[in-house]
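To start, the structure under review is shown below, and the notes come after it.
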Amino acid sequence: MKRQLTPPILRRTLGAVVAAAFAVLASPAALAQVPTDKPIRIVAAGPAGATTDIVARLLADGLQKELNQTVVVDPKPGAGGAVAVNDLMQAPHDGHTVLVALNALVSEIPHIVKLRFDMAKEIKPLAELGRAGIVMVGHPSVPAKSLGEVISYVKTSPGKVSYASYSAGTLSHVMGLQLNKAAGIDMSHVGYKGSTPALTDVMGGHVPLMFDGIPTAIPMIKAGKIVPYAVSLPQRSPLLPNVPTFAELGYPQLEATGWQGLWVTPDVPAAAQNRLREAALKVMAQPATRERLRELGLEPGQPRTPDELVKSLRVDYDRVGAVLKSIDFKPE
């Protein structure tokens, strides 16, 4: 008997972070074991037209050709992705209904809202479709052109320099807390409900600094409306090649990657899981798809195995939880 998941509405979370994956040949044996006469429905954890929806549609177009099967996308916004998970849980667990959603659904959302279930046990990642990092930015009036200068500036006014996040409890919030501790500074946090209102206030000079997703920040960076200081990715982003990573500036604890994934319920038959994963990786490796994702400010994902993805989710969940616990953060 399926359980009805009815989590409360919570803050809007990450709105951007997504890219493509690497090529893997589909297994003919796996393809033959799963019936293909039924359409595949991709539940996109976000509103129509948002990054998740766009990635889901790129995937759907490719899967339709790759699997010779009808594939449709069904956007399900709300509750930071929990509404989409609820939809996935209520559908037959046969591999014909899948989910496209951010890793934050497992690594961050449970810290932000009180759920009646363990998100990590309800859904399983099959493939990393794409990734993006966080970039620390500031208003041009901030007397700093580098991270080192930002730190020096904040030290001159402890507690008086603020930074914005796109939602309290997310990496956008946590990374500021981590930098405070690592650099011995005292920035104050201002939480928003989404990147758009936060960026608007940063560009307006109301909040001097912000940690934002690279895709949403890039247009403002290119327009000269905000100044980038560092990115959270393991290596420099090819979309911002002149912006150093936090790690190379001496702050490896601020390394963080957000990724968009293809998910199912864990009890979907193994043959269906393999078929979907292999086809998705092959589709997302196509040059046209990768180029479209770059246009969105996104980078290719990595061909990590489901087990590797689960391990990374556990690490990220523990990391976020530890930092939030240090400030006695309470979920809604």
Side-chain angles (χ1 to χ4, degrees), residues 11-19 51-52 80 102-109 111-112 128 130-139 146-147 150-151 162-183 185 187 189-199 201-202 207-222 226-260 296-299 301-302 312-313 315-317 319-320 323-324:
R11 301 180 185 93
R12 176 184 172 189
T13 57
L14 292 169
V17 262
V18 118
T51 303
T52 300
L102 292 164
N103 64 311
L105 193 60
V106 172
S107 60
E108 298 172 41
I109 297 305
H111 294 301
I112 301 171
E128 179 186 322
R131 55 174 46 197
I134 300 290
V135 58
M136 185 181 184
V137 299
H139 187 271
S146 68
L147 181 62
V150 169
I151 291 171
S162 58
Y163 74 96
S165 76
Y166 46 69
S167 181
T170 63
L171 275 177
S172 181
H173 177 193
V174 166
M175 290 188 65
L177 298 175
Q178 289 183 299
L179 184 59
N180 273 347
K181 181 178 181 180
I185 57 178
M187 298 181 294
H189 170 249
V190 182
Y192 287 79
K193 294 182 178 181
S195 289
T196 299
L199 281 173
D201 273 7
V202 172
V207 183
L209 303 169
M210 181 182 179
F211 291 83
D212 191 33
I214 290 176
T216 50
I218 278 182
M220 311 308 169
I221 293 172
K222 291 183 176 180
I226 52 177
V227 178
Y229 301 118
V231 297
S232 70
L233 292 166
Q235 294 86 32
R236 293 194 183 195
S237 168
L239 304 170
L240 294 171
N242 297 321
V243 181
T245 67
F246 283 104
E248 68 181 280
L249 295 175
Y251 300 99
Q253 59 272 73
L254 270 75
E255 181 178 307
T257 302
W259 48 273
Q260 197 82 22
L296 297 172
L298 307 166
E299 296 182 34
Q302 300 294 317
S312 75
L313 288 169
V315 170
D316 290 343
Y317 174 85
R319 169 193 180 186
V320 171
V323 175
L324 293 178

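Quick note: numbers below take in every heavy atom, side chains included, and nothing from hydrogens, waters or symmetry partners.
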Side chains of [X] and [Y]: closer than 4.5 Å at any heavy-atom pair?
{"X": "S237", "Y": "V243", "value": "no"}
{"X": "Y192", "Y": "M210", "value": "no"}
{"X": "P241", "Y": "R236", "value": "no"}
{"X": "V150", "Y": "M136", "value": "yes"}
{"X": "I134", "Y": "Y166", "value": "yes"}

Looking only at heavy atoms, which two atoms of [X] and [Y] are closest? And how far apart?
{"X": "S165", "Y": "A198", "value": "O-CB, 4.0 Å"}
{"X": "S107", "Y": "D316", "value": "CB-CB, 3.7 Å"}
{"X": "I151", "Y": "A183", "value": "CD1-CB, 3.8 Å"}
{"X": "L209", "Y": "G138", "value": "CD2-CA, 4.0 Å"}
{"X": "S162", "Y": "V190", "value": "CB-CG2, 3.9 Å"}
{"X": "L199", "Y": "T216", "value": "CD1-O, 3.7 Å"}

Give the ring-plane orientation class for H189 versus Y163, where under 30° counts as parallel, over 60° as perpendicular and anything between as tilted.
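H189 and Y163: tilted rings.
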
Is a side-chain N or O of [X] found less than 3.5 angstrom from the main chain of [Y], in a donor-acceptor match?
{"X": "E108", "Y": "V320", "result": "no"}
{"X": "E248", "Y": "T245", "result": "yes"}
{"X": "E128", "Y": "Q302", "result": "yes"}
{"X": "S172", "Y": "F211", "result": "yes"}

Which of these passes side chain to side chain donor-acceptor pair (under 3.5 Å) with Q178: H173, R319, Q253?
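Of all the options given, the one that passes is R319.
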
Measure the CG-CD1 distance between L324 and I112 for me, rounded to the nearest 0.5 Å.
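It comes to 7.5 Å.
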
